[in-house]
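No hydrogens, no waters, no symmetry mates; every other heavy atom, side chains included, goes into these values.
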Amino acid sequence: MSADKRKIRVLLGKPGLCGHDRGVIVLAMALRDAGMEVIYSGRHNTPEQLVQIALQEMWIFWVSVSCRGPI
């Protein structure tokens with residue numbers, strides 16, 4: 001696949017203790033339906049874990065923080 005035809009790769013993650021993930025799941029489905037390659041790393045990641053995944057895979061990086069709890 002040529003460089004201009006590659007899928008956009010997006011990493012979605014939920015750091016910290018927030019257990020609310022409906023919004024990020026809806027976003028993941030919308031991005032997938034728009035033709036992007038999406039990985040949702042799940043809930044309760046540390047920021048360091050998310051950065052390591054992004055660095056290893058060269059992803060567009062999206063972090064959803066929807067609570068005021070500790071990250």
Side-chain angles (χ1 to χ4, degrees):
M1 190 176 286
S2 69
D4 55 282
K5 300 273 185 186
R6 289 184 291 182
K7 285 186 176 183
I8 295 172
R9 300 170 75 195
V10 181
L11 168 64
L12 302 173
K14 295 285 293 178
L17 301 176
C18 181
H20 302 283
D21 63 353
R22 179 152 318 204
V24 73
I25 290 171
V26 170
L27 178 62
M29 290 188 299
L31 293 173
R32 181 203 59 203
D33 292 349
M36 297 180 195
E37 182 180 346
V38 178
I39 294 294
Y40 172 45
S41 67
R43 300 178 295 178
H44 312 300
N45 295 283
T46 66
E48 292 82 7
Q49 288 171 320
L50 295 172
V51 168
Q52 284 303 313
I53 295 168
L55 290 174
Q56 290 171 7
E57 302 294 336
M58 296 175 48
W59 295 86
I60 291 175
F61 187 39
W62 178 281
V63 177
S64 173
V65 180
S66 59
C67 70
R68 293 183 184 169
I71 295 180

Say you draw a straight line from CG of Asn45 to CG of Leu12; how long is it, rounded to the nearest 0.5 Å? 11.0 Å
Here the gap from Arg32 atom CZ to Leu27 atom CG, rounded to the nearest 0.5 Å, amounts to 11.5 Å
What pair of heavy atoms forms the shortest contact from Lys7 to Met36, and how long is it? CD-C, 4.5 Å
Which atoms form the tightest heavy-atom contact between Ser41 and Gly13, and what is the distance?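 Closest approach of Ser41 to Gly13, heavy atoms only: OG-CA, 3.4 Å.
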